[in-house]
A.B. asks: 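One structure coming up, written as structure tokens, with questions to follow.
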Amino acid sequence: MEAAPPETLRPGPSALMQGARFVKELTRGLAEPGQFGSLAQSAERSSKHNQQLIAAIPYFQSWREQAHQIKRYTLANLDKLLEEFERKITARGATVLYAQNAQEANEYLIRIIQDHHVRTVVKAKSMVSEEMELNHVLESVGVRAVETDLGEFLVQLAGQRPIHLVTPALHLSAADVGRLFQEKLGEPFTQEHAALTQIARKHLRRYFLEADLGISGVNFAIADVGAVCLVENEGNQGLSTSCPRVHVALMGIEKLIPSIRHLPVFLNLLGRSGTGQKLTTYTHLIYGSTPGRKLYVIVLDNGRTQLLRDPKTWTALFCIRCGACLNACPVYRRVGGWAYGWVYPGPIGAILTPQLVGLQEAGKLPFASSLCGACGEVCPVKIDIPHQLVHLRHRAVEEPSPVRSWPERIVWRMWAWAMCHPWMYRLVMRVVRLGTRLARFLPWHPGPLGAWTRGRELPEVPPGPDFRSWWKKHAHELKIFPSNLPPETPRS
Amino acid sequence: MNSRFEPIRSTPTVDSGRLTPRQNHEGPLPDQVEQKSSVGPGVGGVTGMVSEKTSESALGTQADKVGLDLEAVGWSATEQKREYPVYEPGEPVALFVPCYIDQFYPQIARATAELLTWLQVPVEFPSRQTCCGQPAFNSGYWKEACRVVHHFCETFAPYRWIVCPSGSCTAMCRVFFRHLDADARIIEIGQRVFELTEFLVECMGVGDVGARFPHKVTLHIGCHTRRELRVVEPPLELLRYVEGLEYVELPNMEECCGFGGTFSVKMPGLSMAMGQTKVENIIRSGAEVVVSPDISCLMHLSGILRRHPQGRNIRCMHIAELLVAEE
């Protein structure tokens with residue numbers, strides 16, 4: 001068979017380079033009313049809703065810990081479990097293909113398309129397919145791929161990228177959707193939710209019946225029974241995986257869980273953390289292919305093995321893509337998913353992206369956080385996101401990346417030296433104090449000072465001396481008066 | 001004026017208005033139980049980077065060493081509250097005054113020293129102290145931060161108790177030192193650092209410090225204090241006993257104010273946007289005074305408040321200042 005030109009198969013670097021936009025465009029106008037007002041509200045609302053749901057369950061913390069331990073075990077024994085999964089599911093007629101990187105996965109997929117003479121593809125939601133830039137690749141070989149997840153369908157119609165892991169069209173209001181349907185599908189404008197859903201349904205139903213190939217992601221691949229688990233609310237995954245003759249399931253290597261006994265814990269966590277549901281509407285377990293049909297499972301590495309080697313951050317692979325950290329993140333709520341430049345937005349993206357595509361491309365992402373720790377608090381598999389962010393910042397300044405700069409390093413070296421010598425500290429701080437007092441009289445503030453005063457006043461330095469000088473003079477005035485001694489009370 | 005030397009057990013209720021006394025309190029609120037969820041401070045912060053079960057060396061050859069024992073996790077894995085050491089009266093306490101408090105807010109350090117002295121605590125100020133190393137640590141310059149941490153540990157090694165009027169710097173010492181240097185001595189010295197309010201309430205068992213502050217006050221707790229140290233109740237506990245104080249809860253109090261250390265100047269737009277939301281919430285709460293155990297957050301917030309037409313008259317205060325205020 002003839003392979004398509006490699007350029008079209010490789011995810012475009014243009015998509016990755018957007019990482020730099022984070023600091024440039026998207027944060028500049030943020031003091032003004034944000035363009036993502038609705039995003040912030042819905043993310044906040046769903047975060048609160050999830051927290052309420054979770055607070056009602058006394059077991060939730062133990063579920064988190066169990067899920068954490070299961071994932072820890074899985075990733076430590078990934079080689080064995082992957083083999084077991086492959087053996088079990090192949091025995092029931094599926095084909096398992098391993099891809100090193102996105103390009104290889106795309107080549108496999110194109111071969112499948114050519115072997116089965118596929119013309120139309122329906123796609124259920126899959127983040128791995130975004131990693132592969134699948135829609136572009138399919139377009140380049142003349143195959144039409146239709147997103148069938150309602151959110152993804154809207155985003156595809158609008159020619160955008162998903163803004164959120166779980167709810168890709170979070171930024172579109174009902175009116176936006178109405179206009180989009182009017183413009184792209186020629187439907188009369190409406191902003192009623194039910195009517196909009198009917199329009200989407202009418203158009204999508206046709207594609208399900210026409211399609212020759214269905215592509216889906218994988219939520220959990222279960223090793224001991226050799227099954228693929230998919231969860232959804234809309235029913236599109238059920239149709240995408242069962243209507244067409246051929247089903248291709250795309251998964252990252254970390255999607256495994258050892259046993260079907262472990263599935264309930266994850267289903268409980270995923271629904272509640274992701275969309276605030278006790279359970280998703282549909283849970284599909286696909287054990288293999290039925291006679292006359294084909295099932296392919298493409299297992300993608302794409303940098304994950306490399307990430308697995310880092311003992312400080314390998315737990316980032318525990319992620320079950322629930323999006324809880326996005327909803328909780330004050331930064332994400334304000335900039336939205338596109339600012340993160342690649343497939344995975346939010347705090348989890350800020351630790352996954354630099355490790356999957358390299359610090360060279362995405363070294364700035366770990367700095368896009370105030371380290372408030374809200375993400376780590378809500379993560380259902382207890383990924384220690386805030387600490388990993390700091391660790392990646394460390395790596396970003398040590399390894400080749402856009403944030404590594406010699407001037408900055410020299411400044412920090414000098415700072416460290418000054419902080420190790422108290423006399424130098426006093427001298428430097430005296431200059432800083434004086435500078436802060438005088439800064440208000442300057443017409444223009446350079447560098448970080450300007451960044452501070454753009455929307456904030458500098459702290460008012462009180463006229464007296466600093467604390468240590470005061471202490472030298474006045475410490476003796478602080479006396480303990482025996483008459484104040486509290487009555488002796490026994491401690492329990 | 002009398003101090004209460006008894007350990008705190010229950011959670012204070014946080015309804016608006018005057019804080020209800022502990023005695024009338026039925027049980028902890030659900031959202032506060034939730035906040036108490038993770039491993040105690042110092043042990044793991046939000047969640048341990050590498051859990052106790054699996055040491056880093058084991059991860060090198062992860063394969064056979066990681067077992068799966070869900071029975072061990074059980075069904076009641078709600079983590080324990082941190083056990084605080086008990087401060088015995090008369091033990092000397094070293095005051096760690098973070099650099100920005102030393103320079104920009106000396107009155108806070110003064111208030112802290114006065115407050116502790118008032119409570120019969122002999123306060124000492126090791127004059128060689130400088131910084132905890134957090135700015136460099138958060139910026140990724142760990143080697144440089146490590147040097148400063150070593151200096152910190154040398155300075156404070158002789159002291160059993162180290163008290164700091166800043167939650168964020170305390171979190172650096174207690175939670176983050178272990179990322180910089182695995183030396184047991186360094187980590188142990190880090191464990192001796194306590195945030196002022198948690199030292200007063202948890203280690204000393206003080207609730208009432210005899211303060212009077214007849215104003216409408218709201219409380220902001222910095223994220224490091226809240227999530228890394230898990231210090232949420234102590235500041236509330238102290239405010240509850242302040243005479244004349246009317247407490248109003250800050251809407252969305254868990255959300256970050258956007259300061260984030262160097263984040264505030266590296267991504268000023270974002271930092272400002274987050275600060276704006278916080279400031280709007282402060283104004284919405286109707287408070288006259290915002291109080292916090294973290295003055296770094298307030299440095300950022302007061303900067304925004306002073307430019308805000310409705311926020312201009314809202315005062316920002318460290319909790320130590322409030323507790324010694326004579327108003």
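Since we're looking at a predicted model, the values are computed, not measured. Naming convention: chains lettered A, B, ... in sequence-line order (proteins, then strands); numbering from 1 in each chain.
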A.B. asks: Search all heavy atoms of Q103(B) against all heavy atoms of V461(A) and return the closest pair with its distance.
C.D. replies: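 Taking Q103(B) first and V461(A) second, the nearest heavy atoms are O-CG1, 3.9 Å.
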A.B. asks: Would you mind checking which part of W417(A) comes under 4.5 Å of any heavy atom in chain B, side chain (CB onward), backbone (N, CA, C, O), both or neither?
C.D. replies: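 Its backbone and side chain both get close to chain B.
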A.B. asks: Check whether W412(A) gets within reach of chain B through its side chain, its backbone, both or neither, counting any heavy atom under 4.5 Å.
C.D. replies: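 Its backbone and side chain both get close to chain B.
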A.B. asks: Is E44(A) in contact with chain B via its backbone, its side chain, both, or neither, using a 4.5 Å heavy-atom distance?
C.D. replies: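 E44(A) touches chain B through side-chain heavy atoms alone.
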A.B. asks: At a heavy-atom separation under 4.5 Å, does T262(B) approach chain A through its side chain, its backbone, both, or neither?
C.D. replies: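 Just the side chain, heavy atoms under 4.5 Å.
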A.B. asks: Is the F125(B)-F467(A) ring centre distance short of 6.0 angstrom?
C.D. replies: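 Aromatic pair counts; centres sit under 6.0 Å.
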A.B. asks: Would you mind checking which part of K48(A) comes under 4.5 Å of any heavy atom in chain B, side chain (CB onward), backbone (N, CA, C, O), both or neither?
C.D. replies: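 Just its side chain gets close to chain B.
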A.B. asks: Please identify, among K472(A), E408(A), H474(A), R395(A), the residue contributing the most non-hydrogen atom pairs under 4.5 Å to chain B.
C.D. replies: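 Most pairs with chain B among the choices: E408(A).
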A.B. asks: Do you know the tightest heavy-atom contact between G269(B) and R454(A)?
C.D. replies: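 Closest approach of G269(B) to R454(A): CA-NH2, 3.5 Å.
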A.B. asks: Hey, are R333(A) and E255(B) close enough for a salt bridge, meaning a charged N less than 4.0 Å from a carboxylate O?
C.D. replies: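 The answer is yes: the pair qualifies as a salt bridge.
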A.B. asks: Heavy-atom distances under 4.5 Å only: say whether Q129(B) touches chain A with side chain, backbone, both or neither.
C.D. replies: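 Looking at Q129(B), backbone and side chain both touch chain A.
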A.B. asks: At a heavy-atom separation under 4.5 Å, does H262(A) approach chain B through its side chain, its backbone, both, or neither?
C.D. replies: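 Just its side chain gets close to chain B.
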A.B. asks: Find out whether P462(A) and Q107(B) are in side-chain contact, i.e. whether some heavy atom of one side chain is under 4.5 Å from a heavy atom of the other.
C.D. replies: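 The answer is yes, as the side chains (C-beta and beyond) meet within the 4.5 Å cut-off.
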A.B. asks: Nearest 0.5 angstrom please: M274(B) CE to C372(A) SG, how far?
C.D. replies: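 The SG atom of C372(A) is 6.0 Å from CE of M274(B), to the nearest 0.5 Å.
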A.B. asks: Considering only heavy atoms, which portion of C257(B) lies under 4.5 Å from any heavy atom of chain A: side chain, backbone, both, or neither?
C.D. replies: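 Interface part for C257(B): neither.
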A.B. asks: Do P106(B) and W470(A) come close enough that some side-chain heavy atom pair is under 4.5 Å?
C.D. replies: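 The answer is no, as the side chains (C-beta and beyond) never meet within the 4.5 Å cut-off.
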A.B. asks: Against chain A, label L95(B) side chain, backbone, both or neither, depending on which of its atoms sit under 4.5 Å from a heavy atom there.
C.D. replies: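 For L95(B), the side chain is the part near chain A, not the backbone.
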A.B. asks: Between the side chain of D102(B) and the main-chain N/O of R468(A), is any donor-acceptor distance below 3.5 Å?
C.D. replies: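 Between the backbone of R468(A) and the side chain of D102(B) there is a qualifying donor-acceptor contact (under 3.5 Å).
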A.B. asks: May I ask you to name which of A56(A), P330(A), P258(A), S469(A) has the most heavy-atom pairs under 4.5 Å with chain B?
C.D. replies: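 Heavy-atom pair counts peak at P330(A).
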A.B. asks: With only heavy atoms counted, which part of A396(A) is less than 4.5 Å from chain B, the side chain, the backbone, both or neither?
C.D. replies: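 It is neither, since no heavy atom gets under 4.5 Å.
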A.B. asks: Examine whether an atom of E460(A) lies under 4.5 Å from a heavy atom of chain B, and if so say whether it belongs to the side chain, the backbone or both; otherwise answer neither.
C.D. replies: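 Backbone plus side chain of E460(A), per the 4.5 Å heavy-atom cut-off to chain B.
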A.B. asks: Heavy-atom count around R430(A) CZ within 6.0 Å, excluding the residue itself: above 12?
C.D. replies: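 Check fails, neighbour count at 12 or below.
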A.B. asks: Is any side-chain heavy atom of L371(A) closer than 4.5 Å to one of F263(B)?
C.D. replies: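 When only atoms from C-beta onward are counted, L371(A) and F263(B) do not touch, as no gap falls below 4.5 Å.
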A.B. asks: Please assess R334(A) against T277(B) for the test side chain to side chain donor-acceptor pair (under 3.5 Å), listing each intermediate value before the final yes or no.
C.D. replies: CA-CA 11 Å; R334(A) 284 169 182 85; T277(B) 314; 2.7 Å; yes
A.B. asks: For Y425(A), which atoms come within 4.5 Å of any heavy atom of chain B: side chain, backbone, both, or neither?
C.D. replies: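 Looking at Y425(A), just its side chain touches chain B.
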A.B. asks: Checking P366(A) against chain B: side chain, backbone, both or neither under 4.5 Å from a heavy atom?
C.D. replies: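 Neither part, no heavy atoms under 4.5 Å.
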A.B. asks: Does T130(B) use its side chain to pair, donor to acceptor, with the backbone of M419(A) at less than 3.5 Å?
C.D. replies: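 Side chain of T130(B) to backbone of M419(A), a donor-acceptor pair under 3.5 Å: yes, one is there.
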A.B. asks: Can you tell which part of I70(A) gets under 4.5 Å to a heavy atom of chain B, answering side chain, backbone, both or neither?
C.D. replies: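 Both backbone and side chain.
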A.B. asks: Under a 4.5 Å cutoff for heavy-atom pairs, which residue among V432(A), V390(A), L392(A) has the most contacts with chain B?
C.D. replies: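 Most heavy-atom pairs within the cutoff with chain B belong to V390(A).
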A.B. asks: Can we call the ring centroids of F176(B) and H387(A) under 6.0 Å apart?
C.D. replies: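 Centroid separation for F176(B) and H387(A): below 6.0 Å.
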A.B. asks: Is chain B contacted by the side chain of T453(A), its backbone, both, or neither, given a heavy-atom distance below 4.5 Å?
C.D. replies: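 Both the backbone and the side chain of T453(A) come within 4.5 Å of chain B.
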A.B. asks: Is there side-chain contact between V397(A) and W142(B), with at least one heavy-atom pair below 4.5 Å?
C.D. replies: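 Contact flag for V397(A)/W142(B) side chains = no.
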A.B. asks: Of all of R128(B), H151(B), H308(B), R307(B), which one pairs up most often with chain A through heavy atoms under 4.5 Å apart?
C.D. replies: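 Ranked by contacts with chain A, first place is R307(B).
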A.B. asks: With a 4.5 angstrom heavy-atom cut-off, which part of R409(A) approaches chain B: side chain, backbone, both or neither?
C.D. replies: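 Both parts, heavy atoms under 4.5 Å.
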A.B. asks: Ignoring hydrogens and angles, tell me if any N or O in the side chain of R393(A) forms a donor-acceptor pair with the backbone of N138(B) under 3.5 Å.
C.D. replies: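 Judged by distance alone, yes, a pair lies under 3.5 Å.
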A.B. asks: Side chain, backbone, both or neither: which part of S264(B) has a heavy atom under 4.5 Å from chain A?
C.D. replies: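 For S264(B), heavy atoms of backbone and side chain both lie under 4.5 Å from chain A.
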A.B. asks: Indicate the ring-plane relationship of H300(B) and W452(A), choosing parallel, tilted or perpendicular according to the 30° and 60° boundaries.
C.D. replies: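 Ring orientation, 0 to 90° scale: perpendicular.
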A.B. asks: Which one of S369(A), A475(A), G464(A) has the most heavy-atom pairs closer than 4.5 Å to chain B?
C.D. replies: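 Among S369(A), A475(A), G464(A), the one with the most close pairs to chain B is S369(A).
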